[in-house]
Number of protein chains: 2
Amino acid sequence: MGVTKRYIHSDYVNDIAITAKVFAHPARVAILKYISEQGSCICNDIVDEIGLSQATISQHLAVIADAGLLKGTFKGKAKCYCINMETFENFRVLLNSFFITTKSKCC
Amino acid sequence: MGVTKRYIHSDYVNDIAITAKVFAHPARVAILKYISEQGSCICNDIVDEIGLSQATISQHLAVIADAGLLKGTFKGKAKCYCINMETFENFRVLLNSFFITTKSKCC
DNA sequence: TTTTATAATCGTAATATTGCAATATTACGA
DNA sequence: TCGTAATATTGCAATATTACGATTATAAAA
């Protein structure tokens with residue numbers, strides 16, 4: 001065991017969990033926040049900004065990118081990152097739908 | 001290593017990550033969804049509803065409860081769960097603030 | 001008091017995640 | 001082509017998470 005049993009859940013539930021997981025690590029939140037604050041793209045100022053090794057940042061970037069949240073363009077030898085706002089907006093809507101539809105009359 | 005370095009990040013960033021983590025597992029999303037659908041409280045129908053063992057469900061419930069998202073009342077031998085909508089709403093607002101404030105002009 | 005139903009906890013195995021050093025790759029400029 | 005800067009990948013150690021059986025607590029009912 002130790003494996004998440006995704007197959008027992010609906011797609012909707014799995015989608016929410018997978019989406020939330022991207023934001024479930026402070027380094028990834030910080031990376032997205034930093035890119036956002038820089039307005040447009042940057043390179044490995046992220047490594048300087050956040051106190052983690054280049055390897056670790058690169059891994060987190062890969063997780064964010066796999067989720068479809070990054071657009072990258074090579075600008076010289078550096079890579080220019082920016083947020084794919086379309087996917088980002090989809091994520092917002094998905095999570096918000098979950099929050100909005102959840103109700104509970106307490107006992 | 002293997003430990004998330006929370007201390008290098010701001011409280012805001014850590015709060016978002018901790019909040020998102022609650023929803024980062026499909027079982028927890030499914031539990032919340034089920035409680036919500038039942039309107040008010042239930043007991044261990046959750047175990048029957050979701051295909052996980054009682055011990056596992058209990059663990060996930062503990063994670064949700066630790067986040068402040070559950071209210072429980074003992075009703076007979078069974079325990080009655082419901083969602084703490086105040087905390088839930090706070091979570092919604094926190095995550096939404098992050099989504100709303102994030103911008104990016106792509107390269 | 002004993003039984004029974006319900007839920008929490010313990011112990012443990014399997015797997016996932018985090019983080020980093022070392023190394024590879026990629027792309028540019030000299 | 002070589003050297004160099006920027007990123008990605010690999011391999012590994014430490015830790016966290018997930019899941020479950022077994023056990024333990026708890027409270028109502030018999």
Side-chain angles (χ1 to χ4, degrees), chain A residues 1-9 13-14 17-31 34-35 38 41-67 70-82 107, chain B residues 1-9 13-14 17-31 34-35 38 41-67 70-82 107:
Chain A
M1 304 92 202
V3 209
T4 297
K5 291 187 165 180
R6 301 207 182 273
Y7 59 90
I8 66 173
H9 303 287
V13 163
N14 278 316
I18 289 168
T19 300
K21 199 160 200 174
V22 177
F23 306 98
H25 193 288
R28 291 195 286 272
V29 175
I31 288 171
Y34 183 65
I35 296 182
Q38 297 305 303
C41 25
I42 28 90
C43 327
N44 242 24
D45 319 317
I46 304 178
V47 176
D48 299 330
E49 173 71 14
I50 303 169
L52 291 169
S53 76
Q54 181 265 319
T56 304
I57 294 292
S58 192
Q59 275 179 157
H60 282 300
L61 278 170
V63 173
I64 300 171
D66 285 349
L70 281 189
K71 286 184 184 173
T73 327
F74 278 105
K75 219 166 201 172
K77 39 196 157 182
K79 197 166 187 178
C80 169
Y81 291 111
C82 58
C107 28
Chain B
M1 304 84 206
V3 208
T4 296
K5 291 188 165 179
R6 301 206 182 274
Y7 59 89
I8 66 173
H9 304 288
V13 164
N14 278 316
I18 289 168
T19 300
K21 200 160 200 173
V22 177
F23 307 98
H25 194 288
R28 292 195 286 272
V29 175
I31 288 171
Y34 183 66
I35 296 181
Q38 298 305 303
C41 27
I42 27 94
C43 326
N44 240 22
D45 318 317
I46 304 178
V47 176
D48 298 330
E49 174 69 14
I50 303 169
L52 291 168
S53 76
Q54 182 265 318
T56 303
I57 294 291
S58 193
Q59 272 182 163
H60 282 301
L61 278 170
V63 173
I64 299 172
D66 285 349
L70 279 191
K71 287 184 183 172
T73 327
F74 277 105
K75 218 169 204 171
K77 39 195 159 182
K79 198 166 187 176
C80 170
Y81 292 112
C82 58
C107 27

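Scope of the values below: all heavy atoms of this structure, side chains included, with no hydrogens, waters or symmetry mates. Order of the sequence lines sets the chain letters (A, B, ...), proteins ahead of strands, with each chain counted from 1.
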Original post:
What integer distance in Å separates A/Glu49:CD from D/dA6:P?
Top reply: 17 Å
Original post:
Rounded to whole angstrom units, what separation is found between the NZ atom of A/Lys79 and the P atom of C/dT25?
Top reply: 16 Å
Original post:
Considering heavy-atom distances to DNA chain C, does B/Lys5 or B/Ala62 have its closest nucleotide positioned more toward the 5' end?
Top reply: B/Ala62
Subject >> Closest non-hydrogen atom pair, A/Asp45 against A/Tyr34 >> reply: CB-OH, 3.5 Å
Subject >> Nearest-0.5 Å distance, CD1 of residue A/Ile46 to CG of residue A/Leu61 >> reply: 5.0 Å
Subject >> Any B/Tyr81 side-chain nitrogen or oxygen under 4.0 Å from OP1 or OP2 of C/dT6 >> reply: no
Original post:
Ignoring hydrogens and angles, does a donor from either the side chain of B/Gln59 or the base of C/dC10 sit under 3.5 Å from an acceptor on the other?
Top reply: no
Subject >> Residues within residues 20-31 of chain A bordering DNA chain D, heavy-atom distance below 4.0 Å >> reply: none
**OP:** Measure distances between side-chain N and O atoms of A/Gln54 and base N and O atoms of D/dA8, and say whether any donor-acceptor pair falls under 3.5 Å.
**Re:** yes
Donor-acceptor pairs under 3.5 Å, side chain of residues 20-28 of chain A to any protein atom, not counting sequence neighbours: which ones?
residue: A/His25; atom: ND1; partner: A/Ala27; partner atom: N; Å: 3.0
residue: A/His25; atom: NE2; partner: B/Thr4; partner atom: OG1; Å: 3.4
residue: A/Arg28; atom: NE; partner: A/Val22; partner atom: O; Å: 2.9
residue: A/Arg28; atom: NH1; partner: A/His60; partner atom: ND1; Å: 3.1
residue: A/Arg28; atom: NH2; partner: A/Lys21; partner atom: O; Å: 3.1

Original post:
Using Watson-Crick and G-U wobble pairs with both distances under 3.5 Å, what is the 5'-to-3' dot-bracket string of DNA chain C, with [ ] for crossing pairs and | for pairs outside the strand?
Top reply: ||||||||||||||||||||||||||||||
**OP:** Provide, to the nearest angstrom, the distance between the CD1 atom belonging to B/Ile8 and the P atom belonging to C/dT18.
**Re:** 13 Å
Original post:
C/dC20 phosphate, OP1 or OP2: any side-chain N/O from A/Thr56 under 4.0 angstrom?
Top reply: yes
**OP:** Rounded to the nearest angstrom, tell me the gap between atom CG in A/Leu70 and atom C1' in D/dT7.
**Re:** 14 Å
Subject >> Distance, rounded to the nearest Å, where A/Ile57 contributes CD1 and D/dT7 contributes C1' >> reply: 12 Å
Original post:
What pairs with A/His9 under ring-ring contact (aromatic ring centres under 6.0 Å, His included), at least two apart in sequence or on another chain?
Top reply: none
Subject >> Distance in angstrom units between A/Ile64 CD1 and D/dT7 P, rounded >> reply: 15 Å
Taking distance alone, no hydrogens or angles, what donor-acceptor pairs closer than 3.5 Å link side-chain atoms of residues 47-59 of chain B to residues at least two apart or in another chain?
residue: B/Ser53; atom: OG; partner: B/Thr56; partner atom: N; Å: 3.2
residue: B/Ser53; atom: OG; partner: B/Thr56; partner atom: OG1; Å: 2.9

**OP:** Can you tell me the distance, in whole Å, between the CZ atom of B/Arg6 and the P atom of C/dT17?
**Re:** 15 Å
Original post:
Is there a side-chain polar atom (N or O) of B/His60 under 4.0 Å from OP1 or OP2 of D/dA19?
Top reply: yes
**OP:** Mind checking A/Leu52 for me? I need base, sugar-phosphate or nothing, with any heavy atom below 4.0 Å counting as a touch.
**Re:** sugar-phosphate
Original post:
For the atom pair CZ (A/Arg6) and CD1 (A/Ile18), what is the distance rounded to the nearest 0.5 Å?
Top reply: 4.5 Å
Subject >> Value in whole Å for how far the C1' atom of C/dT18 lies from CG of B/Asn14 >> reply: 14 Å
Original post:
What's the closest nucleotide to the B/Leu61 side chain, out of D/dA16, C/dA8, D/dA19?
Top reply: C/dA8
Original post:
Can you tell me how far the CD1 atom of B/Ile31 sits from the CG atom of B/Leu70, to the nearest 0.5 Å?
Top reply: 8.5 Å
